[in-house]
Structures are given as structure tokens and as C-alpha cells.
A.B. asks: 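Right, I'll just put the structure down here and ask away after.
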Amino acid sequence: MKLALNTLKTLGLSLVLASTFIAQPVLANGPIGEHVNHLKENLKDYSEDVEWMIGKVDTMVTDYETKGAKAVKSDDLIEFWESVKFHSAIETNYVPVYASIWQGIYGVKMAIDDKKPASEVREHQKALNAALWQGLGAVKLAADFQQKGLLKAVKATASETMTQSATIDEIKHKLDRVVAKYAERLSDEATQIVHDTYLHLFEGVEGTLIEKDAKLVEVLEKDFNVTLPKAISDKSTVDQVRAVVVDMQEKLDRAKVLLEEAEKARKDVF
Amino acid sequence: MKRRTFIQGLAAFGVVGAMPLPLSRAFAATAASPISVNDLPALEGDLTLYLGRGEGGLYENVLQSIQKKNPKLNLSIRRGPTAALANMIVAEAKAGVKRADLFWAVDSGAIGLVTDAGLAKALPSDLEAQLQPQFRYPGWAPVTGRIRTLPYNTKRLSKDQIPDSIMAIADSDLSIGWAPAYASFQSFVTAMRILEGDDKTAKWLKKVQKRSKTYAGELGVVMAVERGEVDIGFANHYYTLRLKSGKPDANLDLAFTNQDAGCLVNASGVLSLTDNPNAMNFMRYLLSAEVQSYLAREAYEIPLIQGIDQPAGLPALTDVSPPKIDLTQLADLRPTLDLMRSSGVL
């Protein structure tokens with residue numbers, strides 16, 4: 001129970017942070033639509049989207065199981081997912097689950113394309129279904145946050161004050177997007193996010209950070225410029241890329257503590 | 001080493017470079033004394049600022065302090081990458097829209113884009129007089145400076161083994177760290193193009209590339225120098241100061257070239273786009289003694305007004321001679337990127 005509560009708290013915090021730092025109104029698969037600023041009113045549609053998606057995937061896997069690979073078009077899985085409104089609701093609110101959904105979709109697709117046994121395809125389908133339900137739960141929670149005014153509207157520009165420690169939260173969020181884009185098989189876009197995050201965000205805090213812990217900066221420099229881009233270019237699994245990102249996010253948590261200490265110790269301007 | 005001596009060094013080769021040295025010194029001394037925020041007018045009413053990101057949050061602290069001191073100021077801020085905001089200001093002006101009263105950019109190249117479009121308001125003389133003479137421009141005020149340096153590994157080299165000419169470094173046998181994708185490096189290459197011409201710059205890039213190791217950013221360059229991966233690097237001064245602050249025994253020191261792009265002093269800057277009186281008064285706050293001292297102390301940036309101590313740890317700069325260059329010319333980035341691409345550097 002305690003674990004569930006902690007998970008909920010973490011999810012809630014992630015939702016708030018994610019919404020705070022979303023700066024792009026247009027994502028990879030087109031405009032996100034105003035509905036993401038009215039989650040509560042659209043929850044019924046999102047639930048129907050999830051059930052429709054799960055049904056479509058199940059039909060495809062059943063056809064594969066009973067009629068063989070020629071009977072199905074695995075590319076349809078991507079079209080199904082990109083056609084639902086729920087897609088952008090989860091992309092704008094909880095990127096880690098969004099990544100898991102893409103991972104599940106490609107898990108099913110690749111297993112079909114590689115003519116794996118139906119039981120193996122079913123395993124990927126199970127993981128995809130779990131991610132979709134988890135995503136719906138996250139969007140429902142986000143809708144509650146939004147109703148209470150705790151979730152900010154998706155905006156075209158960053159307008160909030162960005163302290164150095166808050167920048168760390170944005171960096172962590174961008175790294176979640178790296179996993180999502182990699183899971184979506186958009187490796188170039190994932191690499192570009194790594195590069196931009198380093199140049200436009202991490203570069204802005206590492207000056208202060210290096211005064212506090214030069215070794216930590218050195219390790220993160222390597223992560224941003226070698227380890228993570230290499231994991232992507234080496235065509236590692238999504239789980240391997242996610243592991244690199246999780247490791248970086250843990251280091252960034254340490255960095256955030258140091259930056260908060262530096263912010264507290266900093267004298268006033270006047 | 002007093003800051004005054006440094007400024008005299010800058011002045012000797014800056015805008016007043018053609019003057020006899022004593023006259024340059026006399027001119028440098030004409031800058032007005034720094035003004036405290038306590039002597040500035042209160043800011044009241046609306047003000048829209050476009051703020052270029054990149055300084056890592058310290059400008060935010062300045063803004064918060066100004067806002068706190070002026071509770072009747074209704075400050076709206078649009079944040080974004082400096083170059084994108086400069087383009088946005090020009091595009092908005094073309095569309096007949098003026099949203100920003102003020103633009104605070106982290107580099108002077110972006111300032112040049114806006115001033116070239118004729119959108120900047122002239123600075124009042126008292127505000128201009130706050131600045132060192134070599135940093136006075138009609139339509140914008142440099143806020144703080146940064147100087148290009150050659151960080152070097154003190155275990156591998158002594159300072160006298162490093163050429164004092166940026167062009168000569170291409171013919172040396174030193175291994176080099178650089179970050180060609182980094183904006184400050186590209187401004188430095190632009191300065192080289194302006195000073196030396198495209199042909200010489202292209203040859204320099206190709207020669208250096210053969211012995212260089214590429215890093216994403218300039219702190220990465222400085223850290224690589226300190227580790228001994230390369231002998232020297234090309235980087236802004238503050239990275240070395242910050243690293244030495246966190247690691248006092250670092251195998252690292254700074255060298256400077258002489259009167260060339262290798263020791264370019266570039267600046268962040270601010271300009272007014274409207275006649276809103278808050279805009280010019282806000283600029284006065286940025287040039288106040290308190291803000292200049294804060295940015296020198298916390299961001300290791302070089303204050304550009306008279307009488308403020310330079311950042312701690314900046315070595316003696318009596319011999320440093322920055323090139324004579326109009327910083328707004330650094331806006332001409334496209335030919336630089338073309339040249340870097342055709343040279344195979346980008």
C-alpha cells in the first residue's frame with residue numbers, strides 16, 4: 001500500500017513537472033490538439049481509444065495466430081496508435097509510459113515481422129496492454145490535477161522562471177523523451193534531443209556544478225556526449241537505452257541537491 | 001592585478017586602438033563611476049522582456065531582485081534561445097507587431113541581427129557613459145564580457161611553448177581540443193573571418209582539424225585539457241576559472257594570443273525596442289554596480305563598467321590585447337557556418 005502511495009506521489013510529481021516543461025505544441029506525430037488542456041471532458045474518449053486500440057491489436061494477433069503472417073499488416077499497429085486522441089494525451093502528460101507504449105507496439109510488430117511463435121507475440125501484446133492501461137491511469141490522474149489547477153496548460157513558449165535546480169528537472173524530462181523517441185524508432189530525433197538538452201540546458205548548469213563536484217560533471221559529460229548517443233547509435237534495446245537514462249537521472253538528482261545548496265548559499269544580487 | 005590595468009590593456013587595442021596609449025588611458029578614465037541601484041528611479045508599470053537563455057539561471061536571479069525592488073513593475077518575460085528570439089523580434093517587426101520592449105541576449109551576434117534591422121532605440125548619453133569607451137555602441141549596451149582563451153595543461157606545457165598568434169597555432173605541433181558546434185566558437189571563427197578573410201580562415205580550420213579532438217561544449221574542452229587528453233583548447237575564460245574553483249589543484253592555466261580572434265572579447269547585451277521609459281531604466285539596473293558585481297562574482301563574467309572588480313582567479317591581463325572589432329558584426333553567422341561546413345569542420 002505504502003509502495004502504491006509512493007508510486008502515485010512520484011507519478012503525480014512527474015505529471016506536474018512534465019506539464020510545466022512542455023514547450024512544443026507540435027510533436028512528432030502532428031499537432032497535439034486543444035483537448036490536452038481539457039483532459040476531464042475527454043476521459044471517456046481516451047478510455048474508448050484504449051479499449052479500441054487493445055481490441056485492434058488483439059484482432060491482429062488472433063489473425064496472426066490463426067491465419068499466419070500474410071493475413072496481417074503489422075504497420076497498421078502504428079497507424080492505430082497515431083490515430084487516437086489518447087496518443088497526445090499521454091505524450092504530453094507522462095512520457096515514460098508513452099515510451100513503454102511505443103516499446104510494446106514495436107515489440108508486437110517486430111515479433112510478427114520476424115514470424116515469431118504466437119505465444120511470443122502474445123507476451124509483447126500483454127506488455128503493450130499493460131502500458132496502455134497504465135497510461136490511461138496516468139491521464140486520469142493528470143485530469144484530476146488539471147481540475148484542481150495543479151496542471152498548467154500546454155504552452156507554445158517557456159514562460160516560467162527557470163532556476164538551475166529546476167533546469168535539472170527539465171533535463172530529466174527531456175531524457176524521458178529521448179527514451180520515448182527511441183522507442184518510437186525515431187533514433188535521429190532521440191539523438192537530437194540528447195544534443196539539444198546538453199547544449200541548451202545542461203551546459204547552463206554545469207558551470208555551477210563543476211565548482212561543487214567536478215567528478216560528477218565529468219561523468220555526466222561522458223554520459224551526454226558518449227554513453228547515451230552510443231547506446232542509440234549501437235541500436236541497443238529500448239530497455240538498455242532506458243537504463244542509461246535512469247542512471248543519468250540518478251546522477252542528475254545528486255546534481256540537483258548540489259545546485260540547491262549553491263542557490264541557498266548564493267548572496268543576493270542587492 | 002587591478003581591473004583598471006586590464007581595461008587599459010583592452011583600451012590600447014580596442015576602438016581607441018589607433019590613439020597614442022596615454023590618450024587611450026585618458027579616454028578610458030572618462031567612463032562614469034558605477035551607479036548603485038539605490039540611486040536609480042523606481043520602475044512602475046508594464047515592461048516586456050525577451051530573455052535569451054544560456055547563462056544557467058543567474059540572469060533569473062538578477063531579474064527577480066529587480067522585480068522585488070520594484071513591486072509596481074509588471075514584468076512579462078518571454079524566454080528562449082537567444083538567436084530564436086532575435087529572429088522573432090525581426091519577424092514581429094516585419095509583421096508590424098511590437099511585443100518586446102527590451103531584448104537581453106547572451107551574445108552580441110544576436111544583438112547585431114536586431115540592430116541591423118534598425119529596431120534598436122539609441123542609448124541616452126548617461127547610460128552610454130557608464131560603459132568603458134571601447135564597449136560603447138549607439139543602439140545597445142553590452143552587459144558583461146567574456147574573453148577567448150587558450151586553456152593549457154600545465155603538466156604537458158609551459159606558457160612560453162604556446163604561440164601568441166592564433167594563426168600560428170595551426171602550424172604548431174600541439175594537440176587541440178575544440179567545440180565547433182558551440183556558439184562562442186562560431187563567433188570566434190566569425191571574428192577570424194572578419195580579421196583575416198575567408199581563405200586564411202578556411203586554411204586555419206583545415207589545419208587545426210587535423211590535430212584536434214572535438215567536444216560538444218567548451219567546458220568539455222577545458223576538462224579534456226585538464227585530463228591531458230589534449231595540450232590546449234579553445235574556450236571562453238570562465239570555464240577554466242570555474243573548474244579551478246572546484247578543483248584548485250587542476251593541471252590547468254590560461255594563455256592568450258595577441259591582437260587576433262584568439263583573444264576576442266565578446267559580450268552579452270541589452271537593447272530597447274520601444275519608447276517605454278522602463279526599458280532604458282531597466283538597462284540602468286543591469287549596468288548598476290550591484291548587478292555587475294554579482295555577475296562577475298557568480299558567473300565569472302567580465303564587468304564592462306568602470307570600478308568593478310573582475311572575476312576572482314582571472315590571471316593578470318596586462319599583456320592581453322583583444323582585436324579591434326565591432327561586436328555586432330559577429331551576427332554575420334551564415335557565411336561562417338558555410339565556411340565551417342565546406343571545410344569539413346561541421
Side-chain angles (χ1 to χ4, degrees), chain A residues 21 23-24 155-171 191-192 194-226 228-229 255 258-260 262-270, chain B residues 36-38 50-51 53-69 76-81 84-85 88 106 179 181-183 214-220 222-224 226-227 238-239 241-247 250 285 288-291 293-295 297-300:
Chain A
F21 300 122
Q24 300 299 325
K155 291 175 184 168
T157 57
S159 58
E160 297 299 311
T161 296
M162 188 64 72
T163 61
Q164 292 198 328
S165 54
T167 301
I168 294 288
D169 291 327
E170 186 171 4
I171 293 170
T191 305
Q192 190 62 45
V194 178
H195 182 70
D196 289 348
T197 303
Y198 172 79
L199 272 186
H200 301 311
L201 294 173
F202 184 66
E203 235 275 334
V205 299
E206 64 179 354
T208 301
L209 200 53
I210 202 164
E211 292 178 57
K212 308 290 285 181
D213 188 342
K215 189 72 191 165
L216 181 59
V217 173
E218 196 155 338
V219 174
L220 279 166
E221 274 271 332
K222 190 180 173 195
D223 287 342
F224 271 109
N225 295 304
V226 181
L228 185 52
L258 295 172
L259 289 172
E260 283 170 343
E263 280 165 8
K264 276 184 194 161
R266 193 167 284 142
K267 288 180 185 165
D268 287 342
V269 183
F270 46 80
Chain B
S36 165
V37 289
N38 297 322
Y50 280 18
L51 173 66
R53 270 182 175 176
E55 83 319 325
L58 293 171
Y59 289 179
E60 297 285 358
N61 295 356
V62 171
L63 295 175
Q64 282 171 8
S65 296
I66 294 173
Q67 178 73 79
K68 199 172 158 189
K69 192 168 178 63
S76 303
I77 304 171
R78 181 168 196 144
R79 298 170 174 84
L85 289 179
M88 192 181 295
V106 293
Y182 198 64
T214 298
Y215 299 87
E218 293 197 336
L219 181 57
V222 170
M223 290 168 79
E226 200 278 331
R227 286 194 301 270
Y238 43 73
Y239 295 108
L241 300 191
R242 282 188 181 279
L243 179 54
K244 288 186 81 167
S245 168
K247 193 176 177 183
Y285 275 80
S288 66
E290 290 88 347
V291 171
S293 296
Y294 176 82
L295 291 174
R297 188 176 68 240
E298 300 292 342
Y300 293 83

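Only this structure's heavy atoms are used, side chains among them; waters, hydrogens and symmetry mates stay out.
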A.B. asks: Are B:Lys247 and B:Glu226 within salt-bridge range, i.e. N to O under 4.0 Å?
C.D. replies: yes
A.B. asks: Is B:Arg242 salt-bridged to A:Glu206, going by a charged N under 4.0 Å from an acidic O?
C.D. replies: no
A.B. asks: Let me know if B:Leu63 has heavy atoms under 4.5 Å from chain A in its side chain, its backbone, both or neither.
C.D. replies: neither
A.B. asks: Considering only heavy atoms, which portion of B:Tyr182 lies under 4.5 Å from any heavy atom of chain A: side chain, backbone, both, or neither?
C.D. replies: side chain
A.B. asks: So what's closer than 4.5 Å to chain A heavy atoms on B:Tyr300: side chain, backbone, both or neither?
C.D. replies: side chain
A.B. asks: Is there a side-chain contact between A:Phe224 and A:His195 in this structure, where contact means two heavy atoms from C-beta onward sitting under 4.5 Å apart?
C.D. replies: no
A.B. asks: Below 4.5 Å from any heavy atom of chain B, which atoms of A:Lys222 appear? Answer side chain, backbone, both or neither.
C.D. replies: neither
A.B. asks: Using non-hydrogen atoms only, which part of B:Val37 is less than 4.5 Å away from chain A: side chain, backbone, both, or neither?
C.D. replies: side chain
A.B. asks: Pick one of side chain, backbone, both or neither for B:Glu218, based on which atoms fall under 4.5 Å of a heavy atom in chain A.
C.D. replies: backbone
A.B. asks: What's the separation between atom CD1 in A:Ile210 and atom CG in A:Leu258, rounded to the nearest 0.5 Å?
C.D. replies: 12.5 Å
A.B. asks: Taking C-beta and beyond as the side chain, do B:Leu51 and B:Arg78 meet within less than 4.5 Å on heavy atoms?
C.D. replies: no
